Amino acid sequence: MSKLLRVLIVEDSEDDAELLAIELERGGYDVIHQRVDTRKDMESALKKSPIWDIVLADYSMPQFSAIAALNLLKEWELDLHFVIVSGKIGEDTAVAAMKAGAHDYLVKGKLARLIPAVERELREAVLREEYRAAQQRLRYLAFYDKLTNLPNRTLFMEHLSREIALSRESNFRDSLNLKGNNKHQFNLFAVLLLSIDRFRTIKQSLGYQTSEELLIGVARRLEKCVEEKNSNIVARISENEFALLIHNIKDSQDILNRAENIYRQLIQPFKIGSSTVCSTVSIGIALNKNNESKPERLLQSADTAMQYAKVNFVKTSVLFDEKMRSNAVEKLQLENDLQQAINEKELFLKYQPIVSLKTGKINCLEALVRWQHNSLGTIPPGKFIPISEETGQIIALGQWVLSEACYQLVNWQKSFAGEIPLTMSINLSRIQVYHPELIPQIDCLLETLELPGKNLKLEITESTLMENTTAVTKVLEKLKERDIKLCLDDFGTGYSSLSYLRYLPVDTVKIDRSFIAPEINNTNYDIIKAIINLAHSLGLDVIAEGIETEAQKDILSGLGCEYGQGYLFAYPLNSQDVLEIVNNNQRSIIGTSSQGYDIKQHPDNFN
C-alpha cells in the first residue's frame, strides 16, 4: 500500500518537478505535490493544511532560491524537512546550504539517493518531533505548575525580571523626553502575593484531593480576574500561595481596588464534590514605585505585606511600605539576639506579689521574665514572648524561667526569718503545655530542689485551654497528681463557657485586667460578679489582676474576690526587694507606703 507524501517543490522547471514526483512514486509513495518558484507562491502554499511533509528545492532560480526558502521557513517558525536538488552545486555551496538549515542535497540527473534521503528525513522527523515533545515537556516541568497549569515561581520571576527591565527603560526614556515643568509619571505595575488562610486545615480535614481541587478552583478564578489584560500574569509559587503581576496601575488606590475585587471573588464558596469549601485569603501588594531593579526584592516586599495581613487579621489586602520591612528586619534580629540571651543568661526575672485583699498579706509571687538588651534597652515581654513562641525558643526560655523561679523560691525560704508559706506562680505557654518533656522536667526540678508541688502554681491562658480542651486537661490532671496548683489566666477573654470550669482540674481563676482597668463600669461589674460567684460555687478562689486604685480594690473585695495583683500593691520586684518585703513581718502592703513597700522605688512598665 502506497504511503501518502505531501511534497512542496521549489522549482522553476515544471519538467524537473514532474521528474521528482515520478521518482517518488516509483519509491512507493502516493505523492501530492505543488510547485512554487516565488516567495509569494511559497507563502500561499505554506498556508494550506495539512502541513507539507518535505520540501525539495532547486538551489538557484531567477526569482527565488533555496536559501530564501529556508529563511522564509524560519520566519514562519516551521520545521520542515528540506532537501536541495540542484543541477550545479559545489561543495562550498552545499556546506553553506546545510548551515542555513538544509538537511541534505542531491544532484539533478542522479536521483538514486532521493528515496533513501526522503525515508531518512521522515525517520529523523519522527525523532525530531519526539525530541521537541520532550523539550516541551521539560520546559513545562521547569516553568509550569503541574496541578493548576499556571506558571511556577521560576517563570513568574522571569516575567517579573522582564517587566522590571521594560519599566526602567520606559521610565528612563520618558524622563529624557520631559519638557517644561511636566511631572514624570512612572509606569506602575504591581506584584500581588496571595495565600489561602485555612488551607492546612482544609487539607487535614477534607483530604488531599479536595484541597487540590480547591487550588485548581482558586487558579481558575484568578485567571478570570485578570483575563481582561492579557499581559497580566498569574502563577502558583508554593503550596497555597499565588503570585500576580498586574500592569498599567494608575496609583495605589487603583491596585487596592483591584485587590479588593480579587478578594471578593475568592471568598465566595467553592463547590467541590459534595463539600462546600470556604476560606479567606491574605493579599500582600508591592508597587514598583521606587523603580526597583531586583525581582526578588519586589516579591519579598509583597510577602512581607501578606504576612502583615495574616498577623494583624487584616481583611482584603495590605500595601507594602518600608516600615514593614524594617519591622521584619528588627524581628529577625530580635530572634537571633533572643537565642543568644537565652544561651548566655542575659534574661532575668522579676516578681510581682499577689496579695490577700482581706489581710494584705503576700500569698504568692508571679515570676515575670525581663530582657535588658545590650543596645536596644528594655524589650517588652509582649514583643519577645510571641517571637519565642513562633521560633520554638519558648521551650528553652520556659524551662529556664521555671528553673530560675523555683531555685529563687527555695533560696528565699532558706533566708526567711521564720517559716513563711509562699507559692511561686509561673506562666506556661501553649507550646510548653503540649511539649512531651514538660512533666519529666518538672518532676526532675522538684526532686532536685526538694520542693513540694504545693509551693508551685502554674498559669495557663483560657485560649490555650479552648484550643484542645481534652489534651490540655490530661496534662493538667498529671500536674494535679503532683499537688501543683493550677490557675486559669486571662479568664473572660476567650470563648469558653463558664460551665467548663466544673470539669477542669484548676484551683484558681484570674480575672483579666481588661475588666478591671481603667475602671470597673456597670457591665464589667456584672461580669466580674458572675465569675466570682461561679468560681466560689465550684470551690475555686479568684485573683484579679491590674488593680491600680483603692476603688477597684474595694469593689473586688466587696464581691468576695480573695486575691489581687497590680500596681496598687507593688510593681514587679527584684529578688532582694522580695526578700525584704516578705521578711518585714508579712505586714500588709495595701494602702500607703508606710504600711508596706514603696512601689514608686521600682517602676516597671510591664505588669
Side-chain angles (χ1 to χ4, degrees), residues 341-356 361-371 381 385 388 393-460 464 472 474-489 505-508 510 541 543 563 565 570 572-584 586:
I342 295 173
N343 294 338
E344 300 184 6
K345 300 182 179 180
E346 296 177 359
L347 303 172
F348 62 95
L349 294 182
K350 284 198 171 184
Y351 307 89
Q352 187 170 34
I354 297 173
V355 303
S356 168
K361 301 295 183 179
I362 296 176
N363 166 266
C364 181
L365 290 154
E366 181 178 0
L368 303 170
V369 64
R370 296 292 184 258
W371 182 13
I385 294 296
S388 70
Q393 294 169 320
I394 189 65
I395 298 300
L397 175 60
Q399 178 61 22
W400 176 83
V401 171
L402 192 63
S403 299
E404 184 71 13
C406 289
Y407 272 104
Q408 185 59 69
L409 178 60
V410 170
N411 288 336
W412 282 332
Q413 289 175 337
K414 293 177 180 178
S415 302
F416 290 151
E419 185 173 335
I420 300 174
L422 197 62
T423 301
M424 180 66 75
S425 186
I426 301 170
N427 293 280
L428 290 182
S429 78
R430 173 183 61 86
I431 297 175
Q432 284 178 279
V433 171
Y434 292 121
H435 197 274
E437 292 299 314
L438 174 65
I439 301 298
Q441 288 173 349
I442 291 177
D443 286 342
C444 180
L445 186 63
L446 296 180
E447 182 179 354
T448 300
L449 296 176
E450 298 181 354
L451 180 68
K454 65 181 181 180
N455 292 120
L456 182 61
K457 177 181 284 188
L458 298 178
E459 298 186 17
I460 65 167
T464 297
V472 174
K474 290 181 179 179
V475 176
L476 299 185
E477 288 173 347
K478 290 181 180 179
L479 293 171
K480 286 297 294 180
E481 291 173 1
R482 289 148 177 83
D483 205 23
I484 295 172
K485 295 182 175 64
L486 300 173
C487 175
L488 196 56
D489 195 13
V506 297
D507 305 281
T508 306
K510 181 180 282 190
D541 53 34
I543 301 173
Y563 303 102
Q565 179 181 3
L573 312 170
N574 61 40
S575 58
Q576 184 60 39
D577 292 333
V578 170
L579 185 61
E580 292 177 7
I581 194 174
V582 174
N583 262 332
N584 192 19
Q586 280 283 281

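Side-chain atoms are counted along with the backbone in the values below, which use heavy atoms only and exclude waters and symmetry mates. Since this is a predicted model, take the numbers as computed values, not measurements.
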J.: Got P381 and L368 here, is their nearest side-chain heavy-atom distance under 4.5 Å?
T.: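 No, their side chains stay 4.5 Å or more apart.
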
J.: Please report the C-alpha distance between Y434 and V475 in whole Å, then the side-chain angles of each, then the deciding distance to 0.1 Å, and finally whether the side chain to side chain contact (heavy atoms under 4.5 Å, CB included) criterion is met.
T.: CA-CA 8 Å; Y434 292 121; V475 176; 6.0 Å; no

J.: Among I484, L476, V433, which residue meets the side-chain contact (heavy atoms from CB on, under 4.5 Å) test with L458?
T.: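 Checked I484, L476, V433 against L458; only one passes side-chain contact (heavy atoms from CB on, under 4.5 Å): I484.
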
J.: Using every non-hydrogen atom in the two residues, find where I394 and S429 come nearest and quote the distance to one decimal.
T.: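 Closest approach of I394 to S429, heavy atoms only: CG1-OG, 3.3 Å.
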
J.: Can the ring centres of W412 and Y351 be said to be less than 6.0 Å apart?
T.: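 So the answer is yes for these two rings.
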
J.: Any donor and acceptor pair, going by atom type alone, linking the side chain of Q352 with main-chain N or O of A570 inside 3.5 Å?
T.: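 Yes: the side chain of Q352 pairs with the backbone of A570.
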
J.: Check whether any side-chain heavy atom of Q413 sits under 4.5 Å from a side-chain heavy atom of L409, and report yes or no.
T.: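 Of all side-chain heavy-atom pairs linking L409 with Q413, at least one is under 4.5 Å.
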
J.: Indicate whether the side chain of T508 and that of D541 have a donor and an acceptor atom separated by less than 3.5 Å.
T.: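 A donor-acceptor contact under 3.5 Å links the two side chains.
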
J.: Side chains of I439 and R482, heavy atoms from C-beta outward: is any pair under 4.5 Å?
T.: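 Sidechains of R482 and I439: in contact.
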
J.: Look at atom OH of Y407 and say whether more than 12 heavy atoms of other residues, nucleotides or ligands are closer to it than 6.0 Å.
T.: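 No, the 6.0 Å shell around OH holds no more than 12 heavy atoms from other groups.
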
J.: Would you confirm whether E580, through its side chain, and D577, through its main-chain N or O, come within 3.5 Å as a donor-acceptor pair?
T.: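 A pair under 3.5 Å: no.
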
J.: When you compare the side chain of F348 with that of N574, does any pair of heavy atoms fall below 4.5 Å?
T.: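 With C-beta onward as the side chain, the pair stays apart.
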
J.: Carefully, step by step, assess Q393 and L397 under the rule side chain to side chain contact (heavy atoms under 4.5 Å, CB included).
T.: CA-CA 6 Å; Q393 294 169 320; L397 175 60; 5.6 Å; no

J.: Is the shortest distance from a Lys or Arg side-chain nitrogen in E366 or K510 to a carboxylate oxygen in the other one below 4.0 Å?
T.: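 Yes, this pair counts.
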
J.: Nearest 0.5 Å please: distance from the CG atom of L349 over to the OG atom of S575.
T.: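 L349 atom CG to S575 atom OG measures 9.5 Å (nearest 0.5 Å).
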
J.: Do other residues, nucleotides or ligands put more than 12 heavy atoms under 6.0 Å from the NZ atom of K478?
T.: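 Open: at most 12 neighbouring heavy atoms sit under 6.0 Å from NZ of K478.
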
J.: If I compare all heavy atoms of P353 with all of Q565, which pair ends up nearest, and what's the gap?
T.: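 Closest approach of P353 to Q565: O-CG, 3.8 Å.
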
J.: Distance from L449 atom CG to C406 atom SG, nearest 0.5 Å?
T.: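 It comes to 6.5 Å.
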
J.: What verdict does the side chain to side chain contact (heavy atoms under 4.5 Å, CB included) test give for V506 and I460, after you've listed the backbone C-alpha separation in whole Å, the side-chain angles of each residue and the deciding distance to 0.1 Å?
T.: CA-CA 10 Å; V506 297; I460 65 167; 5.8 Å; no

J.: Using a 3.5 Å distance criterion without hydrogens, assess whether the side chain of N455 forms a donor-acceptor pair with backbone atoms of L422.
T.: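 Yes, N455 side chain to L422 backbone: donor-acceptor pair under 3.5 Å.
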
J.: Between atom CG of L402 and atom CD of Q432, what is the distance when rounded to the nearest 0.5 Å?
T.: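 Reported value, rounded in 0.5 Å steps: 7.5 Å.
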
J.: Less than 4.5 Å apart, side chain to side chain, heavy atoms only: is that true for L456 and T423?
T.: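 A side-chain contact is absent here, since even the closest heavy-atom pair is not under 4.5 Å.
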
J.: Is any side-chain heavy atom of K480 closer than 4.5 Å to one of L486?
T.: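 SC-SC contact between L486 and K480 confirmed.
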
J.: Which value, rounded to the nearest 0.5 Å, describes the distance between L479 atom CG and K485 atom NZ?
T.: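 If we round to the nearest 0.5 Å, L479:CG and K485:NZ are 13.0 Å apart.
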
J.: What's the separation between atom CH2 in W400 and atom CD1 in I342, rounded to the nearest 0.5 Å?
T.: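 It is 9.5 Å, given to the nearest 0.5 Å.
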
J.: Less than 4.5 Å apart, any side-chain heavy atom of Y563 and any of C364?
T.: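 In short, these two side chains do not touch, never coming nearer than 4.5 Å.
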
J.: Between atom CD1 of I354 and atom CG of N363, what is the distance when rounded to the nearest 0.5 Å?
T.: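 Separation between the atoms: 7.0 Å.
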
J.: Please step through side chain to side chain contact (heavy atoms under 4.5 Å, CB included) for the pair K414 and V410, ending with a clear verdict.
T.: CA-CA 6 Å; K414 293 177 180 178; V410 170; 3.7 Å; yes

J.: Would you say that E459 contacts I426 through its side chain, given a criterion of any heavy-atom pair below 4.5 Å between the two side chains?
T.: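 Of all side-chain heavy-atom pairs linking I426 with E459, none is under 4.5 Å.
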
J.: Between K457 and D507, does at least one N-O distance fall below 4.0 Å, as a salt bridge requires?
T.: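 Salt bridge: no.
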
